[in-house]
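First comes the structure, then the notes that go with it.
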Amino acid sequence: MKTGNQYGCGEHGMVLMTSLMILAVLLAVGIGAGVMVRNDLQISGNLRRGAEAFYVAAAGLEWGKREVAQTKSFPPAPQNQSKNFAPGEFAVTFLSSKMVEPLSAQVVLRSAGTSHGAQQIVQAQLTKSHDLVDAALALRGNPTAVKLTADSIFISGVDHDVTTTNPVVGAKSRNAVSTADDSIGTLVLNALGDPPRQGVLDSGPDMPAVATSDYLSSGFISEFADQLCASAASIHSVPSTGVLVIENQVLGGLGAPQLHCIEGLSTPGDAATFAGTVTGVGILVVKNADLILSGALRWEGLILVTGNDVSLKTNGSSGTDLVGAVMVNETGIPGTDRAILDIQGTVRLLFSRQALSRIVPLVPTVAWNNLRQSLPSIVAQNYWRIVTP
């Protein structure tokens, strides 16, 4: 028979076993919690490094956009490069580049971002588009005076729909007037009076109404006009009387824009006058002569006046609508009282990419290489995606 002491020893053994089991469970829970914390920290670190690598790759895309915007080649073909950036580095590769239209190209680029051993790869497609003109009205050369005496004149660099003449929502604006230097800009601002008349010049909120421009130099405009006239099917010469009158005519339509070139005389004082009701779609080039717009005129596209002793004048009692852009380039040395721009009557000059895009087929192939390098451009991102699985 067992004694009481023997029973007591057995009970003490059970307590010990229970305590050891509890300690083992607590140790297992502690180890498990430690492993979970370590794993969470490791996952958080991986996510942080992955996020850093993604942002570095995104920075590479922005760098690539800048390279596409700045390159002069067409279609754009920047060099592949790697750059250190904050916590890591990105490597940008330009996968493809192709011309879509004479003034538009598409570029596919890929950016690999690396940060603390993690890597993310993103890819995007960009479209680089050139505008044929940098403003609704481009003034170049050696003008000595500008007159804006009309009671109803509106010059807008906001992009307009050619049919409705309403602003295009979301489109990038250009300047209302671009000039080669500040002196020409001063002529424009002085013509508006002191204080300046309101509601005459218009542009987007991020674009000044009047600004100097490095695009479309005077020499380039002269060369461009020569190239256009060399390919023009319709060439008009100012007669010896000094006045060429074009009255009540239709010069091109939406489906068939036309290129017209008017050649002035070697002596100053000659002019091409548009009278009555005239409509036109296309490009109108006037060389070495004044362009005088009277009556009712609507022109969709580009008007280019260039040469010695030239000007654009409007004096019609009816409305004049110029939708697209106008360039006036004085290459001579005019008198101080001779205005390169003399606006009277009711005139609207509205920048329109749609109107300018219609005249692209009229530009001769020989002009494109130099032309693109002299034009402003816009780089838009069509899509981007993560390539890293």
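Note that these values count all heavy atoms, side chains included, but never hydrogens, waters or copies made by symmetry.
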Pairwise side-chain contact, Ser352 with Glu300, heavy-atom cut-off 4.5 Å (strictly under)
no
Phe154, CZ: over 12 other non-hydrogen atoms inside 6.0 angstrom
yes
Heavy-atom pair of closest approach, residues Ser311 and Ala339
CB-O, 3.2 Å
Taking atom CG as the centre, does Asp182 end up with more than 12 heavy-atom neighbours from other residues, nucleotides or ligands that are less than 6.0 angstrom away?
no
Compare all side-chain heavy atoms of Asn80 with those of Phe94 and state whether any distance is below 4.5 angstrom.
yes
Heavy-atom side-chain contact between Asn142 and Ile340 under 4.5 Å
no
Nearest atoms (heavy-atom pairs only) where Trp63 meets Gln79:
CH2-O, 4.3 Å
Within a 6.0 Å radius of atom CD1 on Ile333, are there more than 12 heavy atoms belonging to other residues, nucleotides or ligands?
no
I'd like to know if the side chain of Asp159 and the backbone of Ser173 have a donor-acceptor N/O pair within less than 3.5 Å.
no
Please report the shortest heavy-atom distance between Ala209 and Ser203, naming the atom on each side.
N-OG, 3.4 Å
Charged N to carboxylate O below 4.0 Å: is that the case for Asp290 and Arg338?
yes
Applying the side-chain hydrogen bond (donor to acceptor under 3.5 Å, both in side chains) test to Lys287, which of Asp226, Thr331, Asn308 qualifies?
Asp226
For Val162, is there any backbone N or O sitting under 3.5 Å from a side-chain donor or acceptor partner on Gln354?
yes
Hydrophobic cluster mates of Val281, side-chain heavy atoms under 4.5 angstrom, ILVMFWY only, any path?
Leu254
Can you tell me if Trp368 uses its side chain to pair, donor with acceptor, with the backbone of Leu103 under 3.5 Å?
no
Does the Thr212 side chain pair with the main chain of Asp181, one donor and one acceptor, at a distance under 3.5 Å?
no
Given 3.5 Å as the limit, does a donor-acceptor pair link the side chain of Thr144 with the main chain of Gly335, or not?
yes
Looking at side-chain heavy atoms only, is the closest gap between Phe90 and Leu61 below 4.5 Å?
no
Considering all heavy atoms of both residues, which atom of Pro376 and which atom of Val133 are nearest to each other, and what is their separation?
CG-O, 4.0 Å
Salt bridge check, Arg353 against Asp131: does any charged N sit closer than 4.0 Å to a carboxylate O?
yes
Mind checking whether Pro78 and Val68 have side chains closer than 4.5 Å, heavy atoms only?
yes
Would a distance-only check, ignoring hydrogens and angles, find a side-chain to backbone donor-acceptor pair under 3.5 Å from His130 to Lys128?
no
Search all heavy atoms of Ser111 against all heavy atoms of Gly60 and return the closest pair with its distance.
OG-CA, 3.4 Å
Backbone of Val328 reached by a side-chain donor or acceptor of Thr306 within 3.5 Å
no
Intermediate values then yes/no, side chain to side chain contact (heavy atoms under 4.5 Å, CB included), Asn382 and Gln106:
CA-CA 9 Å; Asn382 302 329; Gln106 286 184 346; 4.0 Å; yes
Does the side chain of Leu297 come within less than 4.5 Å of Leu322's, by heavy atoms?
yes
With a cut-off of 6.0 Å (strictly less than), are more than 12 heavy atoms of other residues, nucleotides or ligands near NZ of Lys147?
no
Which of these, Ser178, Ser222, Ser218, sits in a side-chain hydrogen bond (donor to acceptor under 3.5 Å, both in side chains) with Arg140?
Ser178
Is a side-chain N or O of Asp270 found less than 3.5 angstrom from the main chain of Leu265, in a donor-acceptor match?
yes
What closest approach, in Å, do Leu109 and Gly64 show between heavy atoms, and which atom pair accounts for it?
CD1-CA, 3.7 Å
Glu67 and Val92, any side-chain heavy atoms less than 4.5 Å apart:
no
Between the side chain of Ser115 and the main-chain N/O of Gly88, is any donor-acceptor distance below 3.5 Å?
no
Sub-4.5 Å side-chain heavy-atom contact between Pro257 and Leu362
yes
Which of these, Ile283, Leu251, Leu302, sits in a side-chain contact (heavy atoms from CB on, under 4.5 Å) with Leu259?
Ile283
Side chain Thr127, main chain Ala380, donor-acceptor under 3.5 Å
no
Salt bridge or not between Arg298 and Asp321? Use side-chain N to carboxylate O under 4.0 Å.
yes
Start with the C-alpha distance between Leu284 and Phe274, add both sets of side-chain angles, then the distance that settles side chain to side chain contact (heavy atoms under 4.5 Å, CB included), and finish with yes or no.
CA-CA 12 Å; Leu284 173 63; Phe274 281 49; 3.7 Å; yes
Can you tell me which residue among Leu216, Asp214, Asn175 is in a side-chain contact (heavy atoms from CB on, under 4.5 Å) with Asp134?
Leu216
